[in-house]
2 protein chains.
Amino acid sequence: MPADMVSREGAAPSAPRPNPRRQAQRSADMRQRLCQAALDALCEVGYESLTTTMIAARAGVSRGAQTHHFATKADMLVGAFEHLLQSWDAARQLAFGGRDLGELPFEAYLRFVWREIFSKPSYIAALELMLAARVDKELGERLRQALDSPASQRNLRWRALLRFPDVRKEEQFQYMTLCLLRGMAIHASFNRSDAVNEAVLDAWIELAEKVIAVERPDGRAPEGGVVSPRAVRGHSKRSA
Amino acid sequence: MPADMVSREGAAPSAPRPNPRRQAQRSADMRQRLCQAALDALCEVGYESLTTTMIAARAGVSRGAQTHHFATKADMLVGAFEHLLQSWDAARQLAFGGRDLGELPFEAYLRFVWREIFSKPSYIAALELMLAARVDKELGERLRQALDSPASQRNLRWRALLRFPDVRKEEQFQYMTLCLLRGMAIHASFNRSDAVNEAVLDAWIELAEKVIAVERPDGRAPEGGVVSPRAVRGHSKRSA
DNA sequence: ATTTACAAACAGTCTAGTCTGTTTTTTAAC
DNA sequence: GTTAAAAAACAGACTAGACTGTTTGTAAAT
């Protein structure tokens, strides 16, 4: 393999180099740029005002190039959605690497997902897509499909994080937390007060830790429940 | 000659009082029809595909009549939103009348709001409006304004329902429940499984009742916490 | 030489808001 | 009490712009 990494530089319009493997790279780059632009545009102008023309302009490419890679608007939207899912993976990788989530406190992980995922405008964009999927059945099917593998990976992560003996209860707990975070994302978007959300997040962490302590026969949570009474009642303020 | 001297009143407010209720009635009816049609259309086709023409057609009125009552599309949307809020009031009135919420179990009220408000497609419509308000600042301001009085009334209801001595905690609890319900609404819309939502609702009710028992020095919640250990661990299936 | 990547113009459709005109109701004068 | 003027309710056409998908054309890569 020749050292052709140097030829990877240069501007978009002209790159006259007879390099093998270049076509696929170019295509992938272009798709990446378009998806990122689509996501940015979606965050900025919202789903209703999002147009394919605007996406192409944002990415700095012609509309012809765009339609070559994403024939229809729905293709473009699905691409943006997948791009967002990948960015979440990247953020998680950056924060925790390959660390075992089982050794992580629940609070740490929850604050991470709130800070890096749910509280971002891009999550609202994702919600807009999901709500739009209610009437656009084909889009919905494709979004669900894109979410399929990430969702099962999320299940594995939460399994590692929580380790409830009762898997059914663990799942309930997971979905409850997910719903809460989604609702908080909406609240943060529509209302102005971030203070409320911070307080709710703190309160949920506190409540959740008690549930975890009870559900999981960990080192510190005996079956007898000697911790429970005090734990449930102790709503001491968290410093955040 | 009837007593129409009232009409010579003062200056600007040209609002004749004698007997003519006909015009106002017609106007109110038409607005009602349009708002209902707008809400229906919003539920059926979603925010992105909602058009003023479609609303007028659905209401069975001409576009001229529509623009007379709602000059702009945003006016129409705000009208639909207010209409929805009123329908929630009506449902609550139907279910509980003037009953004191303090005598109502938390579970009963929560199941009511889930069944009659949050699980309905119209709530998704409301969410679409709220998300759209993120970029349409003027719409957002008007929606928040429309929600202002209903929200403070909701606060009063939850105060009556929960009666926590610590008002701050009560507010946290209220917002937590609200966020949870919102998130569940999205989940119900995007995913297919209602079973998950039912389970989450059950679980939240159970958890919430413990929080209530601890926070509120009611008749049945002793300070000693003799109920807590068994209660927290007992996730017995609820019959619903 | 043939496929892929990119470019740009085009066509058909649709939408929100405006404008002009008609009917009904209300007000005010007679 | 009748009637004319005014205002409000209603109807429908029109416009200017925008959007998506298509099509035709060119450059680059294989």
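Keep in mind that the numbers below use all heavy atoms, side chains included, and drop hydrogens, waters and symmetry copies. By convention in this document, chain letters (A, B, ...) are assigned in the order of the sequence lines, proteins followed by strands, and residues within each chain are numbered from 1.
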Participant: How close or far is atom P of D:dC19 from atom CD1 of A:Ile55, stated in whole angstroms?
Facilitator: 11 Å
Participant: In whole angstroms, how far is the P atom of D:dA9 from the CZ atom of B:Arg22?
Facilitator: 13 Å
Participant: Specify the separation, in whole Å, of atom CE of B:Met54 and atom P of C:dC14.
Facilitator: 11 Å
Participant: Can you measure B:Leu139 atom CG to C:dA16 atom P for me and round it to whole angstrom units?
Facilitator: 14 Å
Participant: Taking OH from A:Tyr47 and C1' from D:dC19, how many angstroms apart are they, rounded to a whole number?
Facilitator: 14 Å
Participant: Would the number of heavy atoms belonging to other residues, nucleotides or ligands and lying under 6.0 Å from CD of A:Gln145 be above 12?
Facilitator: no
Participant: Could you check whether B:Leu50 gets within reach of a base, just the sugar-phosphate, or nothing at all, counting any heavy atom under 4.0 Å?
Facilitator: sugar-phosphate
Participant: If you measure only the distance, is there a donor-acceptor pair under 3.5 Å linking the side chains of A:Asp29 and A:Gln25?
Facilitator: yes
Participant: So does B:Arg159 have more than 12 non-hydrogen atoms from other groups sitting under 6.0 Å from CZ?
Facilitator: no
Participant: Taking the minimum atom-to-atom distance to the side chain of A:Thr51, which one of D:dC19, C:dA16, C:dT25 wins?
Facilitator: D:dC19
Participant: Give a yes/no on whether any side-chain N or O of A:Ser62 is located under 4.0 angstrom from OP1 or OP2 of C:dC6.
Facilitator: no
Participant: Just how far, in rounded Å, is P of C:dA5 from CZ of A:Arg33?
Facilitator: 15 Å
Participant: Got a donor-acceptor contact below 3.5 angstrom from the A:Arg33 side chain to the A:Ala59 backbone?
Facilitator: yes
Participant: Base, sugar-phosphate, or nothing for A:Thr53, non-hydrogen atoms under 4.0 angstrom?
Facilitator: base
Participant: Atom CD of B:Gln23 to atom P of C:dT23: distance rounded to whole Å?
Facilitator: 17 Å
Participant: In whole Å, I'd like the distance from the CZ atom of A:Arg26 to the C1' atom of C:dT4.
Facilitator: 8 Å
Participant: Please give me every residue in residues 63-79 of chain A whose heavy atoms get under 4.0 Å of an atom in DNA chain C, ordered by residue number.
Facilitator: A:Gly64, A:Ala65, A:His68, A:His69
Participant: Is the closest side-chain heavy-atom distance between B:Arg111 and B:Ile205 below 4.5 Å?
Facilitator: yes
Participant: Is the B:Trp158 ring parallel, tilted or perpendicular to the B:Phe106 ring (thresholds 30°, 60°)?
Facilitator: perpendicular
Participant: Does a side-chain heavy-atom distance below 4.5 Å link B:Trp204 with B:Leu181?
Facilitator: no
